[in-house]
**Student:** 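Here it is, the structure, as structure tokens.
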Amino acid sequence: MKIGNVEIKNGVFLAPMAGVTDRAFRYMCKKYGAGGMTTEMVSAKAICYGDKKTARLAYIALEERPCGLQLFGSEPDIMARAAASVFDLFSPEFIDVNMGCPAPKIVNNGEGSSLMKNPRLCYEIVKSMKTALDGRCPLTVKIRRGFDKDSINAVEVAKMCEEAGADAIFVHARTREQMYMPPVEYSTIADVKNAVKIPVIGNGDIMCGLDAVNVMKETGCDGVMIGRASQGNPFVFDEINHYLEGKAYTAPTSDEKRKCVKEHISLLVEDKGEYVGVREARKHVAWYIKGLPGSASMRNRVNLCESTKEMMSLIDEAFSTGESF
Ligand SMILES: Cc1cc2nc3c(=O)[nH]c(=O)nc-3n(C[C@H](O)[C@H](O)[C@H](O)COP(=O)(O)O)c2cc1C
């Protein structure tokens, strides 16, 4: 599929997840078949202030591409300046606007999903970012179904964004009010798809290959975006690709999984240093070992890990026998 003038190998995207989709995570998801990656959300204001920590979040290496860089904010001129600036600094394949974050500290600032309460503002933001980018890279938006059950307006916002120049729309088919609670209303994705001409990518509770096939059939969307199903499971992209191509899929062996976790943790430590890397690795390892016999007690041990060496030997232990710890 294509987003603007950028070719994406397949329509299976990694969803932006703050605190999760860092460089190491994106690399692993690409390795196992994601067609498009996305950064964690990045503050447009902090970019404009030249904040170094924020700039680190926005860095994209060659091996994680194609990768979108997601910005959040609410002021059209700041979003526009930030878009031009991150393009110059990091050359993402596309820039995405966060119109879906439900976190109170974001919503109370009028950012994230709060933007959907004001479709005209969504239009202004996209328009000013497009002008600032001047065709240098495509611009996408990630929306929800609406802010709450009394304001279901995904179609209206999608049309406004398309009119303002958006090149694709990611639709998380829940309201902000729902946060991450069921149900996901896939009919909203179909409604948006029928209302706009640009690509529409469906998102929400797509956990496996069969889910992806069903959502694409049910809604007619052009691609799918995967969030939580990829945590501790980058193989989900390979599975989805197989299903979408109608091919038989074989899940990775325990040894393949062990190698994958170790590679992920090595990259994390390489990127962030041992102190931060090992601490951040704890949650990833806990996701990877979920469901293995004895994983609850293993998780407690993982949470006490202080060094890469200790973490690696726990991973070996977890995936060698598959027995209780
Ligand atoms: C830990 C976490 C962090 C998230 N951070 C972001 C974010 O930075 N930007 C964004 O647009 N959505 C964010 N989301 C929402 C996801 O991108 C996605 O829309 C949502 O999880 C639904 O997809 P899923 O059911 O496949 O997980 C986040 C979700 C989770 C679980």
Side-chain angles (χ1 to χ4, degrees), residues 11-22 25-26 29 34 36-44 46-47 54 57-58 67-74 79 86 92 94-107 109 111-116 122 125 139-147 154 157 161 166 168-186 188-189 192 200-212 214-216 219 221 223-234 236-237 239-240 280 282-284 286-287 290:
V12 188
F13 289 80
L14 168 64
M17 287 184 282
V20 180
T21 57
D22 56 13
F25 196 91
R26 298 194 299 262
C29 291
M37 307 342 111
T38 322
T39 64
E40 306 172 65
M41 63 179 183
V42 172
S43 161
I47 288 289
T54 302
L57 280 184
C67 185
L69 192 159
Q70 191 188 60
L71 289 172
F72 72 94
S74 63
M79 292 293 273
V86 293
F94 61 95
I95 292 177
D96 182 64
V97 185
N98 183 324
M99 298 187 180
C101 180
K105 71 172 190 226
I106 300 290
V107 169
N109 266 345
E111 300 164 332
S113 56
S114 178
L115 294 176
M116 289 192 72
C122 298
I125 288 173
L139 184 66
T140 63
V141 296
K142 181 161 176 281
I143 64 174
R144 281 191 174 236
R145 190 166 180 245
F147 192 76
V157 171
C161 291
I169 306 200
F170 300 100
V171 185
H172 178 192
R174 286 186 175 93
T175 60
R176 185 269 169 174
E177 188 180 34
Q178 285 178 271
M179 306 291 274
Y180 295 96
M181 303 288 281
V184 179
E185 297 287 353
Y186 294 116
T188 300
I189 299 171
V192 172
V200 173
I201 294 101
N203 169 242
D205 280 0
I206 301 172
M207 307 307 287
C208 62
L210 189 58
D211 288 350
N214 288 341
V215 169
M216 290 198 65
T219 68
C221 64
V224 288
M225 177 172 251
I226 312 301
R228 289 162 297 171
S230 65
Q231 294 173 347
N233 183 26
V236 72
F237 295 103
E239 180 187 334
I240 291 175
E280 291 197 6
R282 292 171 182 168
K283 66 171 179 271
H284 292 284
W287 285 327
K290 206 167 146 193

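For ligands, and for the atoms within them, numbers begin at 1 and follow the listed sequence. Counting begins at 1 with the first residue of the sequence.
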**Student:** Only heavy atoms of N98, strictly under 4.0 Å: list the atoms of ligand 1 that pass.
**Tutor:** 9 (N), 10 (C), 11 (O)

**Student:** Minimum heavy-atom separation for V20 and Q231, please, with both atom names.
**Tutor:** CG2-NE2, 4.0 Å

**Student:** Is the contact between D205 and ligand 1 made by the side chain, the backbone, both, or neither, using heavy atoms and a 4.0 Å cut-off?
**Tutor:** both

**Student:** Looking at every non-hydrogen atom in both residues, tell me the closest pair between I201 and A168 and how far apart they are.
**Tutor:** CD1-CB, 4.3 Å

**Student:** Short list, please: which atoms of ligand 1 are under 4.0 Å from a heavy atom of M41?
**Tutor:** 8 (O)

**Student:** Does the side chain of C208 reach to within under 4.5 Å of the side chain of E239, using non-hydrogen atoms?
**Tutor:** yes

**Student:** Do you know which of N203, I169, T38, V97 makes side chain to side chain contact (heavy atoms under 4.5 Å, CB included) with K142?
**Tutor:** N203

**Student:** Taking atom CE of M181 as the centre, report whether more than 12 heavy atoms of other residues, nucleotides or ligands fall under 6.0 Å from it.
**Tutor:** no

**Student:** Atom 14 (N) of ligand 1: which of G227, P16, A229, G19 has the nearest heavy atom?
**Tutor:** P16

**Student:** For atom 29 (C) of ligand 1, which protein heavy atom lies nearest, and how many Å away is it?
**Tutor:** Y180 OH, 3.3 Å

**Student:** I'd like to know if the side chain of R144 pairs up with that of S113 as donor and acceptor (distance under 3.5 Å, no hydrogens or angles considered).
**Tutor:** no

**Student:** To which of G100, A103, A18 does the heavy atom nearest atom 3 (C) of ligand 1 belong?
**Tutor:** A18

**Student:** Can you find a heavy atom in the side chain of R174 that is under 4.5 Å from one in the side chain of P102?
**Tutor:** no

**Student:** Tell me, please, whether F237 has R26 positioned over its six-membered ring: NZ or CZ under 6.0 Å from the ring centre and within 45 degrees of its axis?
**Tutor:** no

**Student:** Would you say R228 has any N or O atom under 3.5 Å from an N or O of ligand 1, going by distance alone?
**Tutor:** yes

**Student:** Is ligand 1 under 4.0 Å from a heavy atom in the side chain of K142, in the backbone, in both, or in neither?
**Tutor:** side chain

**Student:** Select one of side chain, backbone, both or neither to describe which atoms of Q70 lie under 4.0 Å from any atom of ligand 1, heavy atoms only.
**Tutor:** side chain

**Student:** Could you tell me whether F72 approaches ligand 1 through its side chain, its backbone, both or neither, with non-hydrogen atoms closer than 4.0 Å?
**Tutor:** neither

**Student:** Would you kindly specify which portion of M17 sits under 4.0 Å from ligand 1, judged on non-hydrogen atoms: side chain, backbone, both or neither?
**Tutor:** both

**Student:** Considering only non-hydrogen protein atoms, determine which one is nearest to atom 18 (C) of ligand 1 and report residue, atom name and distance to 0.1 Å.
**Tutor:** N203 OD1, 3.4 Å

**Student:** Are any of the N/O atoms in A15 less than 3.5 Å from those in ligand 1?
**Tutor:** no

**Student:** Could you tell me whether ligand 1 has any atom less than 4.0 Å away from a heavy atom of C101?
**Tutor:** no

